Amino acid sequence: MQYKNDETIDTYHNWQQAQKIPINTGFFIEDLRNVELAPWSLKGGLGAFINLDGTGGTNDAHVCEIPPGKQLNRQRHLYEEMVFILDGHGATSIWQKNGKKHTFEWHPGSLFAVPLNAWYQLFNGQGNAPVRYFSVTNAPFMMNLFHNLDFIFDNDFTFTDRFTPEDEDFFSGKGQLWGRKMSVNFVPNTREIQLYEWKERGAGGRHVNFDLAGNVMGAHISEFPVGRYKKAHRHGPGAHVTILTGQGYSLLWPEGGERVRVDWRPGSVVVPPNQWFHQHFNSGAEPARYLALRWNSWRYRFVALNSDTPVDVSVKQGGAQIEYEDEERVIHEIFESALAKVGAPCHMGSMVPWCQQKDSAENDAA
């Protein structure tokens, strides 16, 4: 191939600009349900891109809306996509070339993954309200890797190792569970699915980690109780932390740098930048639960954008986590101040040394 000049080519950026829909950048989206949308001819609905700084250009996201009683265009593509339903009820049909269609219904809080390069179509099952969903994809990686859009959108290869029409249970939501790890392709309700204790991450938190449709991207759900906060940790780029329930905030900072605070509620999304420490705090009156749509499924090894450093092991022992006893005291002071504003109690108890000192002083006073 010959080039006429020395211009750097960014295939994903050029494709994105050609879509002519809003592109949201920055650090944080307060509520995905309120993002401004515009007609998106590729999808046949309304859409907007979400390209937050923390992705480092490795993956992306978009919000799409289906008008009442309508459906999106049939489509397929050679990049992975995970879909989280924000509002509305409807259904998705997925099929391979000349194969049987699998159709399943969904509602707010549902999560599913589109099998790689399979045909699919989304339908709004309501005649009086739109459907809105949030998708995370690895389109930037794949488009810039091959830099050929015909290869991405008009490729006949069938990944039968990821999805076969004969598998009647593929989108049943049953899945297979190993401890806190699950292989599944459809999660009917992320807000109510059972979670499992993960003591190493602190705060009485519970967790489940998904392998979706054989993707190298994955997802997990975490929840922590009222008056608790999780230990700080860091990892690679592209984890879209999407709030499902509760009220709280996150602190994010590069090693040795200043902290950034974002306050969140259901519908918010934040993407921690590459190797920034981040810590999530429940400052509300109910358990806080979030869905992280990100790189690296637990099943398929893909370390080009991440490391093998365990996120539940102290940095002092070669891990990526800051233990409670090693965090700065101001972390807990900020938390207690946030709780006081909403009248919520602190339940950290003996988990952090600052609580121990406070409890001891109160006992002495009594």
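Counting begins at 1 with the first residue of the sequence. Atoms considered below: every heavy atom in the structure, side chains included; atoms not considered: hydrogens, waters and symmetry mates. Note that this is a predicted model, so its numbers are computed, not measured.
- By the 4.5 Å heavy-atom criterion applied to side chains, His347 and Arg228 are counted as neighbours.
- By the 4.5 Å heavy-atom criterion applied to side chains, Arg132 and Ile85 are not counted as neighbours.
- Classification of Asp169 and Lys174 as a salt-bridged pair holds, one side-chain N sitting under 4.0 Å from a carboxylate O.
- Every residue was checked against the side-chain hydrogen bond (donor to acceptor under 3.5 Å, both in side chains) condition with Lys199, not counting sequence neighbours, and none meets it.
- Of all the heavy atoms in Phe27 and Pro273, the pair that sits closest is CE1-CG, 3.7 Å.
- A donor-acceptor pair is defined here as one N or O able to donate and one able to accept, closer than 3.5 Å; no such pair exists between the side chain of Glu30 and the backbone of Asp263.
- The pair Glu325-Lys316 does not meet the salt-bridge criterion, since no charged nitrogen lies less than 4.0 angstrom from a carboxylate oxygen.
- Considering only heavy atoms from C-beta on, Leu252 comes within 4.5 Å of Val270 through its side chain.
- Both cation-pi conditions hold for Arg261 and Tyr249: the charged atom is under 6.0 angstrom from the six-membered ring centre and inside a 45 degree cone around its axis.
- A donor-acceptor pair shorter than 3.5 Å can be found between the side chains of Gln279 and Glu327.
- Contact record, Ala113 with Asn215: CB-ND2, 3.8 Å, taken as the closest heavy-atom pair.
- Note: the hydrophobic cluster containing Phe157 also contains Phe141 (ILVMFWY, side chain heavy atoms under 4.5 Å, direct or indirect links).
- In plain terms, the two heavy atoms of Val311 and His235 that are nearest each other are CG1-CB, 4.4 Å.
- Across all non-hydrogen atoms, the minimal contact from Asn117 to Asn155 is ND2-O, 2.9 Å.
- Thr158 places no side-chain N or O within donor-acceptor distance of the main-chain N or O of Thr160, the cut-off being under 3.5 Å.
- Of the N and O atoms on the side chains of Gln16 and Asn51, at least one donor lies less than 3.5 Å from an acceptor on the other residue.
- Hydrophobic clustering, with ILVMFWY side chains joined whenever heavy atoms are under 4.5 angstrom apart, groups Ile334 together with Phe281.
- For an aromatic pair to be called close, the ring centres must be under 6.0 Å apart, and Phe112 with Tyr133 fails this.
- Annotation: the span from Ser135 atom OG to Asp60 atom CG amounts to 9.5 Å, rounded to 0.5 Å.
- Residue-environment remark: CD (Glu105) stays at or below the threshold of 12 foreign heavy atoms within 6.0 Å.
- A single hydrophobic cluster is seen to contain both Tyr300 and Phe159, as judged by linkage of ILVMFWY side chains at heavy-atom distances under 4.5 Å, directly or through other members.
- At a threshold of 4.0 Å, the pair Glu65-Lys43 does not count as salt-bridged, since none of the basic side-chain nitrogens sits closer than that to a carboxylate oxygen.
- The distance from atom CG of Asp87 to atom CZ of Phe134, rounded to the nearest 0.5 Å, is 14.0 Å.
- Note: Phe224 and Tyr290 have perpendicular aromatic rings, judged against thresholds of 30 and 60 degrees for the angle between ring planes.
- One side chain, Tyr229 or His332, offers a donor N or O that lies under 3.5 Å from an acceptor on the other.
- Proximity of Asn138 to Met217: side-chain heavy atoms (C-beta onward) are separated by under 4.5 Å at one or more points.
- At distances below 3.5 Å, at least one donor-acceptor pair connects side-chain atoms of Asn124 with backbone N or O atoms of Ala129.
- No donor-acceptor pair closer than 3.5 Å links the side chain of Ser250 to the backbone N or O of Val262.
- Linking Ile, Leu, Val, Met, Phe, Trp and Tyr residues whenever their side-chain heavy atoms come within less than 4.5 Å leaves Val342 and Met348 in two separate clusters.
- Checked by atom type and distance alone, the side chain of Asn282 pairs as donor or acceptor with a backbone atom of Glu286 at under 3.5 Å.
- For His77 and Tyr120, the gap between ring centers is short of 6.0 Å.
- The heavy-atom pair separating Gly236 from Asn274 by the smallest distance is CA-OD1, 3.2 Å.
- In this structure, the side chain of Asn144 engages the main chain of Thr11 through a donor-acceptor pair within 3.5 Å.
- Ring centroids of His62 and Trp40 are separated by less than 6.0 Å, placing the two rings close together.
- No side-chain heavy atom of Pro237 sits less than 4.5 Å from a side-chain heavy atom of Thr55.
- Formation of a donor-acceptor pair under 3.5 Å by the Arg294 side chain with backbone atoms of Ala239 is not found in this model.
- If you look at Trp106 and Phe84, their ring centroids are not closer than 6.0 Å.
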Worked verdict on Asn59 versus Tyr79 for side chain to side chain donor-acceptor pair (under 3.5 Å): CA-CA 10 Å; Asn59 59 3; Tyr79 54 81; over 6 Å; no

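- Put simply, CG on Leu72 and CD on Gln121 are 7.5 Å apart, with the number rounded to the nearest 0.5 Å.
- Under the 4.5 Å side-chain heavy-atom criterion for grouping Ile, Leu, Val, Met, Phe, Trp and Tyr, Leu145 is connected to Val216 within one hydrophobic cluster.
- In this structure a side-chain-to-backbone donor-acceptor pair under 3.5 Å is missing from Asn209 to His220.
- Taking the six-membered ring where tryptophan is involved, the planes of His280 and His233 are perpendicular, since the angle between them exceeds 60° and thus also 30°.
- Judged by distance alone, with hydrogens and angles left aside, the side-chain atoms of Gln19 form a donor-acceptor pair with the main-chain N or O of Trp15 at under 3.5 Å.
- Of the charged side-chain nitrogens involved, none lies within less than 4.0 Å of a carboxylate oxygen, so that Asp312 and Lys231 do not count as a salt-bridged pair.
- Minimum heavy-atom separation, Trp298 to Ser183: CZ2-OG, 3.6 Å.
- A cation-pi arrangement is absent between Arg234 and Trp253, since the terminal nitrogen or guanidinium carbon is not both under 6.0 Å from the aromatic centre and inside a 45° cone about the axis.
- Geometric assessment of Arg206 against the ring of Trp198 yields a negative cation-pi assignment under the 6.0 Å and 45° thresholds.
- Under the 4.5 Å side-chain criterion, counting only non-hydrogen atoms from C-beta, Val208 is not in contact with Gln194.
- Judged by distance alone, with hydrogens and angles left aside, the side-chain atoms of Glu81 form no donor-acceptor pair with the main-chain N or O of Val114 at under 3.5 Å.
- Salt bridge status for Lys100 with Glu168: present, with a side-chain N to carboxylate O gap under 4.0 Å.
- Below 30°, between 30° and 60°, or above 60°: for His102 and Phe171 the angle between ring planes is above 60°, a perpendicular geometry.
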